[in-house]
Amino acid sequence: MQCSLLSGRVVSALPSKARWIKSTQRHAATTRCLAVAKPSDELSKEMSNIDVSDASDSNGVVMPAAVASTLLYPLVMSDPALAIGREYGIVEGQIFSLMHPAFMFFLLGASLYAGYLGFQWRRVRELGTEIKGLKAQRDASAPKSEEGAERPASPLDATIASLESERKDLIGQKLNDKHHNWGSLILGLGVLMAIAGPCNTFLRTGKLFPGPHLYAGAGMVVLWAMAAALVPSMQKGNDAARSLHIGFNAINIGLFLWQVPTGLEIVAKVFQFTTLP
């Protein structure tokens, strides 16, 4: 690449606007040339010594684009932004790079299991309401008897006994505690892995890749937070909060499943462009 533009001067006869455009283009070309020809430490020194006096208009005002391209270059092109040569060792290797997809597949299964536990606990509440209604219906339809006399048998007795047995069995499984524990694990580990994944990508490549996978992951973190924020209202018996909680988590699982194909594509690239460990 020829870098003769480093010593070039803008023709003073050009109109002010044309000189500004020419100067901006020259400094951009200078930046690209230096990026290829110099290490980053020498490059910063070289850029700091560039004369921008020729970037002035006829009134001696320095053109802002030319100055900005010169002064901001060491910040934009500093070494931390170009961490693509295993400067961070094992953190850029396959083991750390595969931690995100491995944990996310675990969290997908955990989300499905937590959803199952939640619906089972919801069934406990529904059974309580159903049993209470059947008992009221049985008592209303029973013939009046003398005080102290045994209540006559009802066709609803067997149904009530069956539902009470089912409810007792579900309560014994401590579904509420299990659902809460799994939800807390998903929230904490999910947010951690959602941040760790892009960080690992940046360490390996020096940049991020905005796209459907990244945006869906960000949306999932928001949905986790919103679902967790509804828990206090749910504990107070707010049915609207419970329905929203279920809705947020259902959408979240949908995004989770939708991410699987793009996630597998990323995993394939990890195997292609990284090495052990």
Side-chain angles (χ1 to χ4, degrees), residues 79-119 121 174-235 241-242 244-277:
D79 284 337
L82 298 174
I84 56 176
R86 295 305 292 267
E87 289 89 344
Y88 296 98
I90 192 175
V91 177
E92 298 180 50
Q94 278 187 6
I95 293 177
F96 271 82
S97 299
L98 293 175
M99 286 179 64
H100 173 81
F103 276 105
M104 295 309 283
F105 271 110
F106 165 76
L107 288 172
L108 174 58
S111 298
L112 294 171
Y113 181 60
Y116 166 77
L117 293 173
F119 278 110
W121 181 246
K174 299 181 179 180
L175 297 167
N176 191 28
D177 292 338
K178 292 179 180 179
H179 180 71
H180 178 79
N181 292 337
W182 277 99
S184 299
L185 175 65
I186 292 168
L187 177 62
L189 187 59
V191 172
L192 174 63
M193 288 295 106
I195 300 299
C199 287
N200 176 264
T201 299
F202 185 81
L203 291 177
R204 288 188 291 105
T205 65
K207 58 183 177 179
L208 295 178
F209 301 91
H213 191 86
L214 185 64
Y215 298 142
M220 289 170 58
V221 173
V222 173
L223 289 171
W224 277 328
M226 294 175 67
L230 293 170
V231 171
S233 297
M234 294 166 57
Q235 292 174 336
R242 289 168 177 165
L244 284 173
H245 180 83
I246 294 172
F248 288 150
N249 283 297
I251 296 173
N252 210 324
I253 290 177
L255 287 174
F256 231 141
L257 294 172
W258 181 78
Q259 273 192 315
V260 170
T262 53
L264 292 176
E265 292 177 4
I266 296 173
V267 169
K269 292 180 181 179
V270 170
F271 280 111
Q272 181 180 358
F273 296 108
T274 63
T275 56
L276 289 172

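All residue numbers in this chain count up from 1 along the given sequence.
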| said: Please check this pair: side chain of Asn200 against backbone of Ala196, looking for a donor-acceptor N/O pair closer than 3.5 Å. | reply: no
| field | Test item: Asn249 side-chain N/O and His245 main-chain N/O as donor-acceptor pair under 3.5 Å | value | yes
[Y] side chain reached by [X] side chain, heavy atoms, under 4.5 Å:
X	Y	answer
Leu175	Tyr116	no
Leu214	Pro198	yes
Ser184	Leu187	no
Phe256	Leu107	yes
Phe106	Leu185	yes

What closest approach, in Å, do [X] and [Y] show between heavy atoms, and which atom pair accounts for it?
X	Y	answer
Val267	Pro101	CG2-CB, 3.6 Å
Gln259	Met220	OE1-SD, 3.1 Å
Trp224	Met104	CH2-CE, 4.3 Å
Ala114	Ile186	CB-CD1, 3.9 Å
Ala194	Val221	CB-CG2, 3.5 Å
Gln94	Leu276	OE1-CD2, 3.5 Å

To the closest 0.5 Å, what do you measure between [atom1] ([X]) and [atom2] ([Y])?
X	Y	atom1	atom2	value
Phe248	Leu230	CZ	CG	6.0 Å
Leu255	Leu108	CG	CG	11.5 Å
His213	Glu265	NE2	CD	10.0 Å
Trp121	Arg242	CH2	CZ	9.5 Å
Lys269	Thr201	NZ	OG1	10.5 Å
Met234	Ile246	CE	CD1	7.0 Å

| Hey, what's the ring geometry for Tyr113 with Trp182, parallel, tilted or perpendicular (30° and 60° as the breaks)? | perpendicular
| Do the side-chain N and O atoms of Ser97 and Arg204 include a donor-acceptor pair separated by under 3.5 angstrom? | yes
